[in-house]
Amino acid sequence: MNIVLPDKNLKTLPDGATAAHLAAAISPRLAKEALAAKVNNILADLGAPLHDNDSVEIITFDSVEGKSVFWHSSSHIMAQAVQAIFPSAKIAIGPAIDNGFYYDFDTDKPINPDDLPAIEAKMKEIVAKKTPIVRHAVSKADAEKYFTGRNEPYKLELLNDIQGEPTLYSQGEWQDLCRGPHVPDTGYIRAVKLLSIAGAYWRGSEKNKMLTRLYGISFPKQSQLDEYITMIEEAQKRDHRRLGKDLDLFSFHAEGAGFPFWHGRGMVLYNTIMDYSRAMHVAAGYQEVKTPMILNEELWHRSGHWDKYRENMYFTTIDEITHAVKPMNCPGGLLIYKNSAHSYREFPIKYCEFGLVHRHEKAGVLHGLFRVRQFTQDDAHIFCLPHQIEPQITEVIDSITAMYRTFGFSDFAMELSTRPEKFMGAPELWDRAETALKNVLDAKKCAYKINPGDGAFYGPKIDFHIKDCLSRSWQCGTVQLDFQMPERFELEYADADGTKKRPVMIHRALFGSMERFIGIMLEHYAGALPVWLAPVQAKVIPISDKSMAYAQQVYHACSAAGIRVELDDRSEKMGYKIRDAETKKIPYMAVVGEKEAEAKTVSVRRHKDGDQGARSLESFVSAIAAEAKKPS
RNA sequence: GCCGAUGUAGCUCAGCUGAUAGAGCAUCCGACUUGUAAUCGGAUGGUCGGGGGUUUGAGUCCCUCCAUCGGCUCCA
């Protein structure tokens, strides 16, 4: 029979050959690295028989699919090991994820981190046996009998939902309900490490029982595992919570969980970003506004927040009337709009606001600057005519894209979120709004993912997501189209013919949350911020007290040029001061001694890059001042 | 909110099966006056997250609350 390879070449194999035979026929190396196959674009086991004219691609660990198969098999081995050690543990589900695998268990007593080494050791035993992993097509009745006998309620529940005949995969005595494919035998999983234990709800619903989830990672080679562990350790060093502490930017205190305290250096960074954003908005024709943080209950009923968002709001009483601390800025913007009569000639009307919002996030979800209870949105509300919707959304997407590039992000994901369960307004309006957003994305040829049901309660949205140091993805920018608020607040404008009409509202934020964006940026740069953002741009380091006078001169020259500069006048060795400045990730160090004082120069040292040699004080100052200017 | 873990000096951590706490760094004082990632000596610093309990005796054991970490659920 003939097999079509990915490069369209044909390979002739004897009848009855499998994907494993094909791999062997192509090269010994591929035979060794093969994990599974893609037959006519469907993933299959290496042992799957091939047929004449099949298109076959051999899958190795190098591909995303290969990793997924490898990790899926690893999760089965982990489950077998757990049941060997905890015979009463019930197995739930165990898939591969982006970075490794997990398996959920229901256990009598909790599995502790102390138990992980024993489970790992058991896994290694199973791996050492090189037990074949075999696919079995069985009848539903047989599968049911098997899992009933094993007393596996979760598997029975899953089985119940399967259409058609189920498949089981066995490795020796142990079997699991699984679509597959899997690696040919347990011996493939040579390097494995269990990473963490966590709770996870059965089928992802908080109404269900919480199971114990074990996370792990595995590789075909030990060296790859070592590399991965080193990579994780490096990534953890750039955790923004760590950097915030080390660089003295911000802190958190038990006195107010989820409420960040910004320190002096952190505020420099914060204000630099805010100044940049403000200038950008003014240039784009926005009017900056500021609306109150506390507004009465009635307003929140009118906006719909009371019904849809109350659990996340904070309240206070003023003169016996309940007031809410704003969780969003939109109602304030709406009141400003309503404060005067509007003409169709004015549109688009664009209000922007650095809006400080408070949201009661559940205790367990707080996470550094990424998830807080108080944050500032670079919010804006655009009121426009229906035909301006698409151009306005296009403009917003362009400015988000451009701004992220300015801050060094080229890798971000876009997601379109559609009507949620808790929604306001007519479904037809929602359809219109969703279509408008989709049209813009399609016209701009943006790659995006659709999140059904993830929209805001008043409208669908396009979100921008950036990944943190451990590749967890966080939403930053957002564009939301809203036909509801104008309706609820009875917004009007006079059209050309003098009739009153209703404008459309667009909510948008570019950073999303200043706090979250700063956190992401710190991780992105591992704390070594570009000069224009660095809280301290240059440190003057005198070699000894003898050159202190000249060091002060250098300091004042920098300071006068607007450079954020500090002088290290401590009675310490130069090496000590350099080390200190390096650990603080200060981009420039100006080392000055008697030689420099004599020649009116500075010895320039760049963070990480080391000694750059001497240059004149004047050119040093102008070079940094130029680099420190914010990008246009 | 849920599951699990953790909480000892400003920071990073040690403190075995219970006998009222230690190190390094930081800080302060003194000496050194130095050429590209840590000079030397000395000193200060902790009701061991809060509260309750068991015990002759608790950093250590138990309960509870708070915070943090990893996830789940939820979200910018």
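A note on names: the letters A, B, ... follow the listed sequences, proteins ahead of strands, and every chain is numbered from 1. Predicted, not measured: the structure shown is a model, and the values here were computed from it.
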Can you tell me which residue pairs pass the side chain to side chain donor-acceptor pair (under 3.5 Å) test with a partner in residues 516-525 of chain A, sequence neighbours excluded?
A/H240-A/E523
Mutual orientation of the aromatic rings belonging to A/F219 and A/Y228 [parallel < 30°, tilted 30-60°, perpendicular > 60°]:
tilted
Within the structure shown, what part of the strands sits under 4.0 Å from A/R241 by heavy-atom distance: base, sugar-phosphate, or nothing?
sugar-phosphate
Does any nucleotide pair with B/G4 by Watson-Crick or G-U wobble geometry, both distances under 3.5 Å, and what is it?
B/C69
Identify whether any heavy atom of A/F517 sits under 4.0 Å from a base atom; if not, whether one sits that close to sugar-phosphate; answer base, sugar-phosphate or nothing.
nothing
Minimum-distance nucleotide to A/A200 side chain [options: B/U36, B/C72, B/G1]
B/C72
Quick one: which of B/C75, B/U34, B/U33 gets closest to the side chain of A/R359?
B/C75
Identify whether any heavy atom of A/V357 sits under 4.0 Å from a base atom; if not, whether one sits that close to sugar-phosphate; answer base, sugar-phosphate or nothing.
nothing
In Watson-Crick or G-U wobble terms, with both distances under 3.5 Å, the base opposite B/C61 is B/G53
How is A/G477 classified with respect to the nucleic acid when contacts are heavy atoms under 4.0 Å: base, sugar-phosphate, or nothing?
nothing
I want to check one thing: is the phosphate of B/A76, taken as OP1 and OP2, less than 4.0 Å away from some side-chain N or O of A/K461?
yes
How far does the C1' atom of B/U8 sit from the matching atom of B/A14, given to the nearest Å?
10 Å
If you look at every strand shown and take non-hydrogen atoms under 4.0 Å, does A/G199 touch a base, only sugar-phosphate, or nothing?
base
Less than 4.0 Å between a side-chain N and a carboxylate O, is that true for A/E353 and A/K290?
no
With rounding to the closest Å, how many angstrom separate the P atoms on B/C72 and B/A26?
40 Å
Give me the distance, rounded to whole Å, that separates B/U47 from B/A5 when you measure between the P atoms they each carry.
28 Å
In whole Å, I'd like the distance from the CZ atom of A/R570 to the C1' atom of B/C32.
16 Å
Determine the Euclidean distance between corresponding C1' atoms of B/C66 and B/U55; express it in Å to zero decimal places.
26 Å
Measure the distance from CD on A/E572 to P on B/C28 and round it to the nearest whole Å.
10 Å
Closest to the A/Y201 side chain, choosing from B/G35, B/C72, B/C69:
B/C72
Categorize A/R516 for me: base, sugar-phosphate, or nothing, with a 4.0 angstrom heavy-atom threshold over every strand shown.
base
Taking OP1 and OP2 of B/C11, is either one under 4.0 Å from a side-chain nitrogen or oxygen of A/R242?
no
For this output row, return yes or no: ring centroids of A/W71 and A/H76 closer than 6.0 angstrom.
no
Counting only Watson-Crick or G-U wobble pairs whose two distances fall under 3.5 Å, which nucleotide matches B/A21?
none
Just name whichever nucleotide pairs with B/A14, Watson-Crick or G-U, keeping both distances under 3.5 Å, else none.
none
Regarding A/G364, tell me which of base, sugar-phosphate or nothing describes its non-hydrogen contacts under 4.0 Å with the strands shown.
base
For A/F105 and A/F86, I'd like to know if the aromatic rings sit close, meaning centre-to-centre distance below 6.0 Å.
no
Can we call the ring centroids of A/H465 and A/F412 under 6.0 Å apart?
no
Side-chain-base donor-acceptor pair under 3.5 Å for A/R213 and B/C72
no
Record whether the side chain of A/R373 comes under 3.5 Å of the base of B/A76 through a donor-acceptor pair of N or O atoms.
no
Of A/E255 and A/D580, the one whose closest nucleotide on RNA chain B sits nearer the 5' end is A/D580
A/I541 atom CD1 is separated from B/U34 atom P, nearest whole Å, by 17 Å
I need the NZ-P distance between A/K584 and B/A38, as an integer number of Å.
15 Å
For B/G71 and A/R472 - does any side-chain N or O of the residue sit under 4.0 Å from the phosphate oxygens OP1/OP2?
yes
Rounded distance (Å) that lies between atom C1' of B/C75 and atom NZ of A/K422:
13 Å
Upstream residue (5' side of RNA chain B) when A/S603 and A/L369 are each assigned their closest nucleotide
A/S603
Output yes when at least one side-chain N/O atom of A/H367 is less than 4.0 Å from OP1 or OP2 of B/G70, else no.
yes
Inter-nucleotide C1' distance (B/C29, B/U44), Å rounded:
10 Å
Nearest-Å distance, CG (A/D468) to P (B/C69)?
13 Å
Between B/G35 and A/E596, counting only base atoms on the nucleotide and side-chain atoms on the residue, is there a donor-acceptor pair under 3.5 Å?
yes
Parallel, tilted or perpendicular: which describes the rings of A/Y270 and A/W262, with under 30° parallel and over 60° perpendicular?
perpendicular
Which part of the nucleic acid, if any, lies within contact of A/S205, taking any heavy atom under 4.0 Å across all strands shown: a base, the sugar-phosphate backbone alone, or nothing?
nothing
Testing B/A37, B/A26, B/U68 for proximity to the side chain of A/E582, the answer is B/A37
Out of B/G35, B/U68, B/U34, whichever nucleotide has its closest atom nearest the side chain of A/S571:
B/U34
Are the aromatic ring centres of A/F409 and A/F517 under 6.0 angstrom apart?
yes
Any A/K546 side-chain N or O less than 4.0 Å from OP1/OP2 of B/U34
yes
Describe, in one word, how the ring planes of A/F250 and A/F252 are oriented to each other, choosing from parallel (under 30°), tilted (30 to 60°) and perpendicular (over 60°).
perpendicular
Closest to the A/S544 side chain: B/A76, B/A5, B/U33?
B/U33
Which base, if any, makes a Watson-Crick or G-U wobble pair with B/A43, both distances under 3.5 Å?
B/U27
Base, sugar-phosphate or nothing for A/H253? Non-hydrogen atoms, less than 4.0 Å.
nothing
A/M574 side-chain proximity, nearest of B/G1, B/U36, B/A37
B/U36
Please give the nucleotide sitting opposite B/C74 as a Watson-Crick or G-U wobble pair, both distances under 3.5 Å, or none.
none
Compare the aromatic ring of A/W474 with the six-membered base ring of B/A76 and state whether they stack according to the 5.5 Å and 30° rule.
no
Quick one: which of B/G70, B/U33, B/G1 gets closest to the side chain of A/S196?
B/G70
Which listed nucleotide (B/A76, B/C72, B/G1) is nearest to the side chain of A/A363?
B/G1
Using the benzene-type ring in the case of Trp, are the ring centres of A/F457 and A/F423 under 6.0 Å apart?
no
Take atom P in B/G42 and the same atom in B/G71, then report the distance between them in whole Å.
45 Å
If I pick the C1' atom on B/A19 and the same atom on B/G1, what distance separates them, to the nearest angstrom?
42 Å
Report which part of the nucleic acid A/N112 touches: base, sugar-phosphate, or nothing (heavy-atom distance under 4.0 Å, all strands).
sugar-phosphate
Suppose you measure atom C1' in B/C16 against the same atom in B/A21; what distance do you get, rounded to whole Å?
15 Å
So does A/K577 get a side-chain nitrogen or oxygen closer than 4.0 Å to the phosphate oxygens (OP1/OP2) of B/A38?
no
With the side chain defined as heavy atoms from C-beta on, A/V365 is closest, among B/G1, B/U34, B/U36, to B/G1
Would you indicate, yes or no, if B/U36 has its OP1 or OP2 atom less than 4.0 angstrom from a side-chain nitrogen or oxygen of A/Y588?
no
Have a look at A/E515 and say if it touches a base, only the backbone sugar-phosphate, or nothing, with a 4.0 Å heavy-atom cut-off.
nothing
